Amino acid sequence: SQTIHQWPATLVQPVGSPLSLECTVEGTSNPNLYWYRQAAGRGLQLLFYSVGIGQISSEVPQNLSASRPQDRQFILSSKKLLLSDSGFYLCAWSVGGNADTQYFGPGTRLTVL
Amino acid sequence: RKEVEQDPGPFNVPEGATVAFNCTYSNSASQSFFWYRQDCRKEPKLLMSVYSSGNEDGRFTAQLNRASQYISLLIRDSKLSDSATYLCVAAPQGGSEKLVFGKGTKLTVNP
């Protein structure tokens, strides 16, 4: 069966510090991968998605970036965090191609102080 | 107009009650729909997929009305464990990159 991992589970970072969140998927090949952010009291916002290694599409202009160095690894980064980057970051995967059901990882709760 | 709209609630119902949530979507090209449940401070988990007029899974029934562009979720015989936020999701034709999530409806089932 497929599993998706995210770490760390929680993170507290000062404004201006860098960020690196990691997501890995097991039990599937060539998945589509996604990064979402869920701010307090708001819906899920798609940040990035990837259909393959090195292929990243950005949905929202911001100070975040994403990379996919391996088939089942997706990384979310920032060089300098802003207060507004606080939120619940969720990685998700779906079967490659036109499959539309997405499955979420456990998430990383980021607080920027 | 928001792409997927849900009544945020909260809905407070007694155990054993039947409760229904509605969700409207603005993109008529949306092809498939989902209901996810999200527990407090946890990730969303898929509850049901809706591809045609509806779907039923035990106590849960989802119905789709394409003409009126709304999806409903009916929960019968509510359990305490049903307490969660229910997210309505629309997927446009052609792929999953653009899933659109509603902000969710919060349900609390009381003993």
Side-chain angles (χ1 to χ4, degrees), chain A residues 1-7 9-10 21 23 25 30-52 55-60 66 68 74 86-111, chain B residues 1-10 21-27 29-52 55 57 60 62 64 71 84-106:
Chain A
S1 64
Q2 300 84 10
T3 56
I4 178 169
H5 305 278
Q6 285 186 248
W7 63 91
T10 60
L21 303 181
C23 169
V25 181
N30 305 313
N32 293 338
L33 296 172
Y34 311 84
W35 277 112
Y36 289 88
R37 177 171 59 205
Q38 187 176 38
R42 302 181 67 177
L44 270 76
Q45 179 186 35
L46 179 63
L47 302 175
F48 301 95
Y49 68 91
S50 172
V51 299
Q55 300 179 63
I56 308 294
S57 296
S58 173
E59 286 297 299
V60 182
R68 185 169 177 174
F74 206 22
S86 293
F88 191 35
Y89 287 83
L90 291 155
C91 181
W93 74 274
S94 67
V95 173
N98 285 334
D100 47 19
T101 305
Q102 295 184 13
Y103 303 93
F104 288 86
T108 295
R109 194 161 298 278
L110 172 67
T111 303
Chain B
R1 179 181 176 184
K2 296 176 184 177
E3 295 189 60
V4 175
E5 289 198 63
Q6 298 181 248
D7 181 344
F21 309 136
N22 285 331
C23 166
T24 58
Y25 61 96
S26 60
N27 184 354
S30 297
Q31 289 296 304
S32 49
F33 305 87
F34 308 88
W35 283 101
Y36 283 77
R37 69 167 280 165
Q38 185 174 22
D39 294 291
C40 187
R41 302 180 71 82
K42 297 290 187 179
E43 75 274 22
K45 293 185 178 179
L46 181 66
L47 180 64
M48 299 184 76
S49 304
V50 188
Y51 294 102
S52 57
N55 193 6
D57 183 4
F60 298 85
L64 169 63
I71 317 106
T85 296
Y86 290 83
L87 306 178
C88 175
V89 185
Q93 185 176 16
S96 64
E97 301 89 57
K98 306 290 185 181
L99 287 191
V100 181
F101 288 78
K103 292 184 179 181
T105 297
K106 185 173 182 179

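Letters A, B, ... mirror the listed sequences (proteins, then strands); counts begin at 1. Remember, it's a predicted structure, so these values are computed and weren't measured experimentally.
One finds the CZ atom of F88(A) at 8.0 Å from the CZ atom of R41(B) (value rounded to the nearest 0.5 Å). In this structure, CD on Q102(A) lies 5.5 Å from OH on Y36(B), to the nearest 0.5 angstrom.
Partners of Y86(B) under the ring-ring contact (aromatic ring centres under 6.0 Å, His included) rule, at least two apart in sequence or in another chain, are F21(B). Every residue was checked against the side chain to side chain donor-acceptor pair (under 3.5 Å) condition with D57(B), not counting sequence neighbours, and none meets it.
Using a 4.5 Å cut-off between heavy atoms, Q38(A) contacts chain B through its side chain alone, with no backbone atom that close. In this structure, chain B has heavy atoms under 4.5 Å from both the backbone and the side chain of F104(A). Residue F33(B): no heavy atom, backbone or side chain, is found under 4.5 Å from chain A. Only the side chain of Q38(B) comes within contact range of chain A, with at least one heavy atom under 4.5 Å from a heavy atom of that chain.
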